[in-house]
Amino acid sequence: MNEKKSLKKKSLKMRVFEIIEIGNQNDKISRLFDFFITFTIFLNLFILVFDTFDYPVSLKPVVDRVEMVTVGIFTIEYALRLWTSSCLYPQKRPRVALVSFVFSFYGLVDLLSILPYFLVSMPAGMAAFRLLRVIRVFKLFRINAQYDAFNVVLDVLNDKKSQIFSSVTLISAVMLASSLLMYSVENPIQPDVFKNALSGLWWSVSAIFTVGYGDIYPISTLGQILAIIISFFGVMLVAIPTGIISAGFVEQYTKIKKMSNAPDSHPMKFIMLNITKTHPWMGDLIKDISFPPEMTIVAIIRNEALVIPRGKTPILEGDSVVVGVIEYKDDFGILLLDEHIGHSHPWKNKTLMELSLPGDMVIVSVKRDDKVFIPKGSTKILENDCVTYCEKRIH
């Protein structure tokens, strides 16, 4: 009885996890939850901005009530995410999974989106915590978890992070060098403006990024010449990370387009894997599974429901994983043939080790009672089996 109750609770937790995580097109409840949370985020931010304006005092109770309701929704969502953290990290112990979520990026975003509301409700003397209300803007990052279109930005930044880091390092070095140069030239003339080596850093920022505030500027002829040169190089330097990111977007969308057109140029075949306790993928997240470029997980069938696989989707016991592979083309000099095992077939009731096969022939699969499996050396071939074997084509 307790085991049945535990299984029911586990199933309920998994269903809640599927709803509050990124939804798929076939799960209407999950998709509805995504839209609901997105609407709540924007409503909460609208109230945050609206509260800074002068409005009739009669509206104050309405504003406070809407804020309380939206923060209450965020609090419930955060509590549900804590409860289902073991589903997000199935390979970890429940307590470790809980801590992992709390200190994850989105876990901190969720916490910071509700924490200021409770802090500003504290007694007098804590008015400084009202500044933390602005942190609720971070809740917008949650929208990035709901829509794949926004994830393209993160993918581009992640793919180009080394190039972006190099360009930012170069810009920082030029800013520091220009600050030192300007200090050397202008300090004797403007000691109150260019007081030390870092005093010109603000000027170099405005010059390199062409902001042009004009509150600090060189007055000597040499300083003005250096300013022209530095500003000229600044325009080119700022264009470097811009070009890197632009190229990254082009590459990303080209990749997406190729993937969407892949079935037309590379026909695929699909196989289904049943996940058991001993399966090597059991408990892994899809992003942690290594695939060859010709293979991809297409879908997961879980409790008779379709789950669209994403990077953080866990593989659980009882799942049926549909894997797509590029279809074999019969132009590589080999043949794939089927052999039906009849009553008098010489392979009948023999194991693979007992068969005398030519050196250029290998048995790749056996179909038995509508089930296909990969045979081992000890596999016995039975009557009515359909054996698929590969052999070299004779030209």
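Quantities reported herein were computed from a predicted structural model and do not represent experimental measurements.
The 12-atom threshold is exceeded at NZ of Lys92, counting heavy atoms of other residues, nucleotides or ligands nearer than 6.0 Å. Within 6.0 Å of the CZ atom in Phe165, the count of heavy atoms belonging to other residues, nucleotides or ligands does not exceed 12.
Ser231 places no side-chain N or O within 3.5 Å of a backbone atom of Ile228 that could act as its donor or acceptor partner. With hydrogens and angles ignored, the 3.5 Å screen pairs no side-chain donor or acceptor of Asp385 with any backbone N or O of Arg368. Between the Ser104 side chain and the Gly107 main chain, a donor and an acceptor come within less than 3.5 Å of each other. With Ser179 contributing its side chain and Met175 its backbone, the two residues share no donor-acceptor pair below 3.5 Å. Proximity of a side-chain donor or acceptor of Arg81 to a complementary backbone N or O of Ile20 within less than 3.5 Å is detected. Although no hydrogens or angles enter the test, the distance criterion places a donor-acceptor pair under 3.5 Å between the side chain of Glu186 and the main chain of Ile219.
Residue Glu317 comes nearest to Thr276 through the heavy atom pair CG-C, 4.3 Å, listed as atom of the first residue, atom of the second, then distance. In terms of heavy atoms, Tyr89 sits closest to Ala97 at CD1-O, 3.7 Å. Across all non-hydrogen atoms, the minimal contact from Pro375 to Ser365 is CD-CA, 3.7 Å. Smallest separation of non-hydrogen atoms from Lys277 and Met282: O-CG, 3.8 Å. Contact detail for Pro241 and Ser167: the closest heavy-atom pair is CB-OG, 3.7 Å. When every heavy atom of Val185 is checked against every heavy atom of Ile189, the shortest pair comes out as O-CD1, 4.2 Å.
Taken to the nearest 0.5 Å, the CD1 atom of Ile286 stands 4.5 Å off from the CD1 atom of Ile315. Atoms CZ and CG, from Phe232 and Leu237 in turn, are 10.5 Å apart once rounded to the nearest 0.5 Å. One finds the CG atom of Asn196 at 9.0 Å from the CG atom of Asn187 (value rounded to the nearest 0.5 Å). Rounding to the nearest 0.5 Å gives a distance of 4.0 Å between CG of Leu316 and CE of Met14. Atom CD1 of residue Ile300 and atom OG1 of residue Thr313 lie 5.5 Å apart, to the nearest 0.5 angstrom. Note that the CD atom of Glu354 and the NZ atom of Lys380 stand 7.5 Å from one another [nearest 0.5 Å].
Considering only heavy atoms from C-beta on, Ile363 comes within 4.5 Å of Leu355 through its side chain. With a 4.5 Å cut-off on side-chain heavy atoms, Phe74 and Ile41 count as touching. Using a 4.5 Å cut-off on side-chain heavy atoms (C-beta onward), Ser204 and Met182 make no contact. Phe50 has its side chain out of reach of Val66: every pair of non-hydrogen atoms, C-beta onward, lies at least 4.5 Å apart. Between Tyr55 and Val62, the closest side-chain pair of non-hydrogen atoms is not below 4.5 Å. Between Val102 and Tyr78 there is a side-chain heavy-atom pair separated by less than 4.5 Å. Contact of the Lys13 side chain with the Thr84 side chain is registered, since non-hydrogen atoms from C-beta on lie closer than 4.5 Å. Residues Thr40 and Val69 are not in side-chain contact: their nearest non-hydrogen atoms beyond the backbone lie 4.5 Å or more apart.
Placement of Val96 and Leu108 in two distinct hydrophobic clusters is found when ILVMFWY residues are connected by side-chain heavy-atom separations under 4.5 Å, directly or transitively. Grouping the Ile, Leu, Val, Met, Phe, Trp and Tyr side chains by contacts below 4.5 angstrom, directly or via other members, places Ile275 apart from Leu285. Hydrophobic clustering, with ILVMFWY side chains joined whenever heavy atoms are under 4.5 angstrom apart, groups Val298 together with Ile301. When hydrophobic clusters are built by joining Ile, Leu, Val, Met, Phe, Trp and Tyr residues whose side-chain heavy atoms come closer than 4.5 Å, directly or via intermediates, Ile19 is grouped together with Leu82. Under the 4.5 Å side-chain heavy-atom criterion for ILVMFWY residues, a single connected hydrophobic cluster contains both Ile76 and Ile29.
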- [ ] Report the C-alpha separation of Asp369 and Asn384 in whole Å, then their side-chain angles, then the decisive distance to 0.1 Å, and conclude whether the side chain to side chain contact (heavy atoms under 4.5 Å, CB included) test is met.
- [x] CA-CA 9 Å; Asp369 298 330; Asn384 295 324; over 6 Å; no
TODO: Given side chain to side chain contact (heavy atoms under 4.5 Å, CB included), test Glu18 with Ser30 step by step and report yes or no.
DONE: CA-CA 7 Å; Glu18 292 172 351; Ser30 184; 5.9 Å; no
Open item on the list: Does Leu382 form a side chain to side chain contact (heavy atoms under 4.5 Å, CB included) with Ile341? I'd like the steps, not just the answer.
Closed with: CA-CA 7 Å; Leu382 306 178; Ile341 307 302; over 6 Å; no
Open item on the list: Would Thr70 and Ile47 count as a side chain to side chain contact (heavy atoms under 4.5 Å, CB included) here? Give the steps.
Closed with: CA-CA 10 Å; Thr70 53; Ile47 292 298; over 6 Å; no
